[in-house]
Structures are given as C-alpha cells and as structure tokens.
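Structure first, then comments.
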Amino acid sequence: MIKTVATTPYDDQKPGTSGLRKKVPHFQRPNYVENFVQSIFDSLEGFEGKTLVIGGDGRYFNREVIQIALKMAAAAGFGKAMVGQGGILSTPAASNVIRKYGAFGGIILSASHNPGGPTEDFGIKYNTGNGGPAPEKITDAIYARTRTITEYRVLDAPDLDLDAISTLALGSMRVEVIDPVADYAELMESLFDFPALKAMFAGGFRMAFDAMSAVTGPYATEILENRLGAARGTVRNGTPLPDFGGHHPDPNLVHARELHDVMMEENAPDFGAASDGDGDRNLIIGRGIFVTPSDSLALLAANAHMAPGYAAGLAGIARSMPTSGAADRVAEKLGINLYETPTGWKFFGNLLDAGLATICGEESAGTGSNHVREKDGLWAVLLWLNILAVRKQSVRAIAKEHWETYGRNYYARHDYEGIDSAAANGLVDALRARLATLPGTTLSGLVVAAADDFAYHDPVDGSTSANQGIRVLFEGGSRVVFRLSGTGTSGATLRVYIERYEADPAKLAQATEVALADLISAAETLAEISSRTGRTAPDVIT
Ligand code: G1P
Ligand code: ZN
C-alpha cells in the first residue's frame, strides 16, 4: 500500500559541490531524508517503469536511508531498483552500473572523504542516466522543490534483506541485490593489461594500498590481490566500517600519513596508493616520492596510450580551474584541447558525453576518464600500474623525466577549515572588489599579470557558471586561487591554491614549501587571511 504523508519544507536542502551533505543528526530530523528524496523524484520526468540504482559507501545511516529510498522509489513508480549487496556501491561502481544497465539514474549515499559515524557526515546525491552527477539545472530544480514540498509518498512495507544477492519485490517494483564489485572489476579488466600487471606482481613488484576502512576495500582486494596476484596484505584497512575506524577517509598526506611514512622508508614498496570514503579519489606515492594529484593527472595523460583502453590516444584533457597547469603542457604537446572547468566533477560530464575529453582531473585527488562519469580512485591506481608495467621505471624516475620534458608545476593547497562564514564571505568579497586594481601591482616581489573571478562557459550546452573562484595570475606562470568549499558541513572552509611553474632544469628538485614561499606570503597579504579569519596557519596542507 502506498502512503501519502504530509510534510513541511526545510530551508537548507541546497545541494553543494557534490549533493546534499549534513551531519547525521541533521539528516535524522523528521522527514528530512524523505523530503529530499521526494524532491529528487518530483524534479524528474519519465522514469515510470524504469530502473534506479541505489548504493552508498557503507557509512553510518547508509542502511536506513537505502530502505527509505527503496520504498519511496517503489511508490514513485520505478519498475526496478538495483542495489549493491549490503547497500554498498562505490561512487565509480554506481556510475558504471547506471551506464551498463541503462538505468534512468541513481541515488548515491555518501559524504565522500568526510568522516562517518552517528555524529559525523552523511550525504545524498542524484546521478543521471549518463552515470554522472546531476547537472546544476537538476540540482537547482531539486532545491526549488525542497522549498515547496507538502507531501511525500512511500510504500508501506517491511525492510528488505539486502545482505544476500537476490531478486526481491517491493510492491510492483523489482529489487535486484547485485554484487557491488563484479561489474566494476570487469570494466577495469577491459581497460588495462591485466596479464602484464599480473606478471609485474609475479616478478616481485610490491605495493601498499590503503582503503582507509572505506568502500574500496572489497574492490581493491578483488582486483589487486585476487585477480592480479598482489601479495595478501597489499590492501590495508580493507574492511568498510560505518565510522571508517574513526578516521577521515581522505587520501591526503594528513589523513593517509601512515601510508606516506611507509612509502618514505628505505625499503618501501614500489608503489603506494589510497582511496577515499566512496572510492572516487586517489593518492599516489612512489618509493620516496609523493605525486601531487595535479602532476598525476598530467603524468597519466602523457602515458595513457600505454594502456589498452587508451591506445587510440586522448580526445582532450579537462581539469578543474584550481588544478595546476601541468596537464595543459601535456595537452599542448599532444596537440589536443585542454578544458578548464569549475570545481566539481559534474562539469566534466558534458565534455565526456560529447567526446571532447577522455581524461579529467582535479587537484583534490580526483582523476578519471570517459569509462564512467565520476572520478575513479582505483582506475587511477590501475592506470599508474599499467604505465609502471610498460615503462619498467620507478615512480620517481618517471616523474623526473616528466618534469625535465615539461617543466614542473610546484603546487600546494592550504585549507582553513571551520572558519566563521561571515568572515570567509567578507574575505572573498573584499578580494573580488579589488580585482580590477590588481594587474600591474607587485606582491612579495611578484607582478600581477591578471586577476578575475572565474566563470565557465560550457562549450556543449552553452550554460554559464559564474563566481567559481578568485584567480590571481602572476607574470611567469605562477598563480594563487581562492575559493570557499562547497562540501563542508560546519562553518566555512577557505581553500587557497598556490602554484609556481618552473622550467629551469637546475630548479626541478626543490622542496615544495621552499618553491612556493613567496607565493604563500603574497596570498596571505593579498587576502588578509590572518586578520580576517584569526588563523595564522592552515589546518590542512595538501
Ligand atoms: C571538494 C573538492 C572538489 C571535489 C569535491 C567533491 O569540493 O575541492 O575538487 O570535486 O570536493 O569530491 P569543495 O569542498 O572544494 O567544494
Ligand atoms: Zn569521494
């Protein structure tokens, strides 16, 4: 029986950079989940009888929300739901399932790299039939609906058992509980030279993969250990836990410190990698060398043709604006287009769908390709492995050669977390007001060449997204970028992105903080960070 339940709108259900994210207790308010899910359905058309994919990263509250979403999907008239066993689907795996089975769309439950647990973060995001995050047109419609919603519909039925692979019924909707790993592993096998990777591991290649007690554990164990023959124990923290073992499942040098330290030891494995809460981010560390995500994107693009799935070459490369310009130089050399988009994976979807770009990446440890419509942590790891298997060189040697060929983009991101929202907005407003006066002025010895508030004009659908980050470009190819995070759940997070381009062969091996010192102080002076936020140092440097 379908129940119609009266409800009242919440005023804070605006999806951010990647869906709606709030603390779990916030999501547990009466009808909070139901209002948002109904608003998603109310913003879509033509899904009657079609398939909806549902899965999440296994964090606290995942199971409860899946049951609600299933009963509401049945009431809304979907014909079939595909759910990962135990409610698990990594974000890239969900994207793949949507595409492979021609689903109408999918609901992904995740707060990505944010911590999980009864008082930590949760998130809900809608992906469209191309497998990618809903574009702003849809997220705006969902938000508008959340402001006016008066009722939701739900099937009155007991919870389903999602722990066994099976086909179940929920009213007239069929529910298929699927193996969350199988389709994804098959896709990876179609893109990469698994026999060559197997031979590399058989030859003694050693790797450490930190799944951070998050969703990639089962995927990495199946692919790296079971299919490719990496030694047992290669995958660390491989069991997904609802609270990620109390850690932030964020694969950066702060939260994946243990892996970093292992990789800096003298007898370190050949290759180290990690992924985040929902499996779409990656961290790459060679023996004794951390590869910045921006450099990783450039390196992957330059060498992708070595993997069977990309043997035909790349159509183009896309990167988010704050990501370093390292990939631009690769695109130039390959004679292909480089697209600069706002932060957030949703902006890559049109470029991938239109066949304009093959590989995309963000400085925030996200890389991916046209194989799905999300960034993909394990994909990046496997492409790296494929390149290592072909080139038979160390990560360090490959990075060094790359910098000698293209120059090096020294890069860091400084995050000031949980700052007062008014102070953060004031800082950005003040910068914006000064943009026109900056060109030609000198800051910490650097001359400003141009300054703007980044706006993106989508070449495929013609839409414009304004106010996507303040850019201050200096003569010589260095720059600082300021923007406020769109994924945080408490206060505001100021992100300062700092980049210096260096082509002098004698200066390619500097410590990043030394290479960036003058730019860091220019950023502080320009944005008045300490006086406006009360902070004298960033909380996280990546
Ligand atoms: C952050 C990252 C961005 C990424 C997003 C979702 O968004 O900066 O690159 O796409 O998470 O993983 P932000 O908090 O900066 O808005
Ligand atoms: Zn993520």
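Between the side chains of Asp278 and Thr91, a donor-acceptor pair is found at a separation under 3.5 Å. Counting only N and O atoms by type, the side chains of Arg281 and His113 include a donor and acceptor under 3.5 Å apart. With 3.5 Å as the limit, one finds no donor-acceptor pair spanning the side chains of Thr533 and Asp420. Remark: the Ser320 side chain and the Thr343 side chain contain no N/O donor-acceptor pair separated by less than 3.5 Å.
Using a 4.0 Å cut-off between charged nitrogen and carboxylate oxygen, Arg319 and Asp328 count as a salt-bridge pair. Between Glu374 and Lys346 there is no salt bridge, since no side-chain N of the basic residue sits under 4.0 Å from a carboxylate O of the acidic one.
Ring orientation note: the planes of Tyr310 and Phe192 are tilted relative to one another, at an angle of 30° to 60°. Ring geometry for Phe27 versus Phe61: interplanar angle of 30 to 60°, hence tilted.
Taking a 6.0 Å sphere around CD of Gln393, one finds it holds more than 12 heavy atoms contributed by other residues, nucleotides or ligands.
Aromatic ring centres of His26 and Tyr32: separated by under 6.0 Å.
Residues satisfying the ring pair (Phe, Tyr, Trp, His ring centres under 6.0 Å) test with Tyr406, not counting sequence neighbours, are His402. The salt bridge (Lys or Arg N to Asp or Glu O under 4.0 Å) test applied to Asp12 returns no partner, not counting sequence neighbours.
Cation-pi geometry between Arg500 and Phe474 is not met at under 6.0 angstrom from the ring centre and within 45 degrees of the axis.
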